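Since we're looking at a predicted model, the values are computed, not measured.
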Amino acid sequence: PELLKLMVEYGLCFELKDGTGFLAPDLLEPDRPTAITWDWTGGLQFEFRYAVFMPAGILSRFIVKSHAFIKNNFYWKYGVVLEHENTEALVEEDYMNLKVRVLLRGENKKGLLSAIRMYIEEVHRYFDKSGKLQFEEMVPCNCDVCRHSGEPHFFKFEVLRKFERKGKYYVDCEKSAESVSIAALINDVQVNSYRQDFVSTDELKLFICFLIDDVLLKEITMKEGYRVFWRDNSCTDPKNETEFQPYISSVLDNYCRVNGIQLARETREANGSVDIAFSYTNKDRQILKVCLEIKKAHHQDVTTALNTQLPLYMESMGTDAGIYLVIWQRHEGFKQPAGYPSETDLLNVLVQQNQRPEDIAVKIINCSKPVSPSKR
């Protein structure tokens, strides 16, 4: 268990969604599974090209970081297929040519590409703490010739942005010799910085609550995510908050990134650590912050931390927006908390005791072992 914990912390493996084990991408088969086919027609391409040296293991760490997006266990040592919002992305390492290739298709290609670029950036920071790694982000040409080609001409993304800042409007494609719009090339791959703008901390807090209700809850109840909260298959030995907190962060982070929200775990505030801190810069350059505190329903401080611990963290972070997330695990095999027969009973008590209902939202997620449909 100690070794697995270290491997998870250092991005070498991740726990499977069904809780049956862990996956280390470095130990996967090297070849792409034959079940994975890809039609690039109408899709989007993007590449990371490395000048002299490409660190080994980039894709392995990328797979670990993006594992909540993985589609149908489509992964191998040098690649993975991701899925989000009716969009798919094939991310594959080409070590011989010193590049990582990204192919996207679906409704929200730019949004998923934005998340992929952020994950790659995090992997780069791990391998290159001195900031000397030389690479270029490459954008495909969208002229009439390249748009229908599986091998389009590529432009350096940073060069296009430099041209744009200098007031240049067009650049020539080396394959077709046509002039193409620089703004259109950038727009093909870059999400508007404020695609979904949150004006106030209250709006940001409501969006995080939506992710908890609509995304996290579905992962737990519909995709057997509840197993992450237990040490045994019979669900009689609950894990500590620090053990399942990374799972909650990972699920939320994938959707936050697509919307420009930064998520940080265990942020030091008020002589303690905020479980999860969210931040977002709106179009007026205001930094909005939301503080999330996680407590198990059978924790001895579950009814008091709402008005003591969380407000201190919020004050230290300089925000008036907080979320109190309670993990409910009571079922036939685990009779805690003893004082509350149902999650509704505990929720009613917390709502009544909440001294700042306009600032702090109270949420309860049921992570108990579900009753199978055949026994309902």
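A 6.0 Å sphere centred on OH of Tyr78 holds no more than 12 heavy atoms belonging to other residues, nucleotides or ligands. Atom CG of Leu206 sits in a crowded spot, with more than 12 heavy atoms from other residues, nucleotides or ligands closer than 6.0 Å. With a 6.0 Å radius and a threshold of 12 heavy atoms from other residues, nucleotides or ligands, Glu178 has its CD atom above the threshold. Within 6.0 Å of CZ on Phe127 lie more than 12 heavy atoms contributed by other residues, nucleotides or ligands. Sparse packing is recorded around CD of Glu29, with 12 or fewer heavy atoms of other residues, nucleotides or ligands lying under 6.0 Å away. Within 6.0 Å of CD on Glu158 lie more than 12 heavy atoms contributed by other residues, nucleotides or ligands.
Considering all non-hydrogen atoms of both residues, Lys205 and Gly322 come closest at CD-O, 3.6 Å. Minimum interatomic distance between Phe14 and Ile70 (heavy atoms only, all atoms of both residues): CZ-CD1, 4.1 Å. A pairwise comparison of heavy atoms in Pro341 and Asp345 identifies CD-OD2, 3.3 Å as the closest pair. When all heavy atoms are compared, the tightest approach of Trp76 to Ile63 is O-CD1, 3.4 Å. The heavy-atom pair separating Leu112 from Leu82 by the smallest distance is CD2-O, 4.4 Å. Here the closest non-hydrogen pair linking Val64 and Leu12 is CG2-C, 3.9 Å.
For the atom pair Leu98 CG and Tyr50 OH, the distance stands at 9.5 Å (nearest 0.5 Å). Considering CZ of Phe163 and CZ of Phe155, their distance stands at 9.5 Å, rounded to 0.5 Å. For the atom pair CG of Asn307 and CD1 of Ile360, the computed distance is 6.5 Å after rounding to the nearest 0.5 Å. Here the straight-line distance linking atom NZ of Lys175 with atom NE2 of His153 works out to 9.0 Å at 0.5 Å rounding. Rounded to the nearest 0.5 Å, atoms CG (Asp320) and SG (Cys291) are 11.5 Å apart. The structure places NZ of Lys168 at 13.5 Å from CD of Glu164, a figure rounded to the nearest 0.5 Å.
Hydrophobic clustering of Ile, Leu, Val, Met, Phe, Trp and Tyr side chains at less than 4.5 Å, counting indirect connections, keeps Ile287 apart from Leu263. Taking hydrophobic clusters as Ile, Leu, Val, Met, Phe, Trp and Tyr residues chained together by side-chain heavy-atom distances below 4.5 Å, Leu310 shares a cluster with Val349. Following chains of ILVMFWY side-chain contacts shorter than 4.5 Å, one cannot reach Met54 starting from Phe154, and the two form parts of different hydrophobic clusters. Using a 4.5 Å cut-off between side-chain heavy atoms of Ile, Leu, Val, Met, Phe, Trp and Tyr, with links allowed through other members, Val180 and Val189 fall into the same hydrophobic cluster. When the side chains of ILVMFWY residues are joined at heavy-atom separations under 4.5 Å, either directly or via intervening members, Trp328 and Ile220 end up in two distinct hydrophobic clusters.
With contacts defined as side-chain heavy-atom distances shorter than 4.5 Å, the pair Phe74/Arg32 does not qualify. Using a 4.5 Å heavy-atom cutoff, the side chains of Phe46 and Val139 are in contact. Using a 4.5 Å cut-off on side-chain heavy atoms (C-beta onward), Ile36 and Leu90 make contact. Side-chain contact check for Pro55 versus Leu133: some heavy-atom pair is nearer than 4.5 Å. Glu137 places none of its side-chain heavy atoms less than 4.5 Å from the side chain of Lys156. For the pair Leu252/Phe278, a side-chain contact is recorded, criterion being any heavy-atom separation below 4.5 Å from C-beta on. The shortest distance between side-chain heavy atoms of Ile261 and Ser279 does not fall below 4.5 Å. Within the 4.5 Å cutoff, no side-chain heavy atoms of Leu59 are placed close to those of Val123.
Side chain of Arg330 to backbone of Lys335: a donor-acceptor contact under 3.5 angstrom is found. In this structure, Asp275 contributes its side chain and Ile294 its backbone to a donor-acceptor pair below 3.5 Å. Asp359 places no side-chain N or O within donor-acceptor distance of the main-chain N or O of Arg356, the cut-off being under 3.5 Å. Remark: the backbone N or O of Asn142 is paired with a side-chain donor or acceptor of Arg147 at under 3.5 angstrom. Under the 3.5 Å distance criterion, the side-chain polar atoms of Ser66 are matched with a main-chain donor or acceptor of Phe62. No side-chain donor-acceptor contact under 3.5 Å links Asn187 to the backbone of Ala183. A distance-only check finds a donor-acceptor pair linking the side chain of Glu203 to the backbone of Val199 [under 3.5 Å]. Side chain of Ser114 to backbone of Lys110: no donor-acceptor contact under 3.5 angstrom is found. At least one donor-acceptor pair under 3.5 Å links the side chain of Thr304 to the backbone N or O of Asp301.
Annotation: Trp230 is not in aromatic contact with Phe244 [ring centroid separation under 6.0 Å not met]. Between His331 and Tyr226, the ring center distance fails the sub-6.0 Å criterion. Ring centroids of His298 and Phe334 are separated by less than 6.0 Å, placing the two rings close together.
For the pair Arg227 and Phe229, the cation does not sit on the ring face, since its NZ or CZ is not both under 6.0 Å from the ring centre and inside 45° of the axis. A cation-pi arrangement is not found for Arg101 relative to Phe48, the charged atom failing to lie both closer than 6.0 Å to the ring centre and inside a 45° cone about the ring normal.
Asn366 and Ser368 share a donor-acceptor pair across their side chains, judged by distance under 3.5 Å alone. Side-chain contact annotation: Gln309 with Glu293, donor-acceptor N/O pair under 3.5 Å present. Defined by atom type and a distance below 3.5 Å, a donor-acceptor pair is missing between the side-chain atoms of Asn108 and Thr87. A donor and an acceptor atom, one from each side chain of Ser250 and Asp253, are nowhere located under 3.5 Å apart. Ser234 and Asp232 share a donor-acceptor pair across their side chains, judged by distance under 3.5 Å alone.
The side chain to side chain donor-acceptor pair (under 3.5 Å) test with Arg61 is passed by exactly one of Tyr126, Tyr119, Tyr10: Tyr126. Checking each of Lys5, Arg231, Lys296 against Glu243 for a salt bridge (Lys or Arg N to Asp or Glu O under 4.0 Å) leaves exactly one that passes, namely Arg231. With Val326 as the fixed residue, the side-chain contact (heavy atoms from CB on, under 4.5 Å) test singles out one of Thr303, Leu306, Leu350: Leu350.
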Pair Leu217-Ile212, side-chain contact (heavy atoms from CB on, under 4.5 Å): steps then yes or no: CA-CA 6 Å; Leu217 184 59; Ile212 292 173; over 6 Å; no

Worked check of side-chain contact (heavy atoms from CB on, under 4.5 Å) between Val274 and Met317: CA-CA 9 Å; Val274 178; Met317 284 181 58; 4.0 Å; yes

Stepwise side-chain contact (heavy atoms from CB on, under 4.5 Å) check, Glu241 with Lys295: CA-CA 7 Å; Glu241 293 161 6; Lys295 275 284 184 289; 3.7 Å; yes

side-chain contact (heavy atoms from CB on, under 4.5 Å) evaluation trace for Phe135 with Lys99: CA-CA 9 Å; Phe135 71 96; Lys99 68 181 181 180; over 6 Å; no

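Look at Glu15 and Lys239 and you find a salt bridge, because one of the NZ, NE, NH1 or NH2 atoms lies within 4.0 Å of a carboxylate O, short of that distance.
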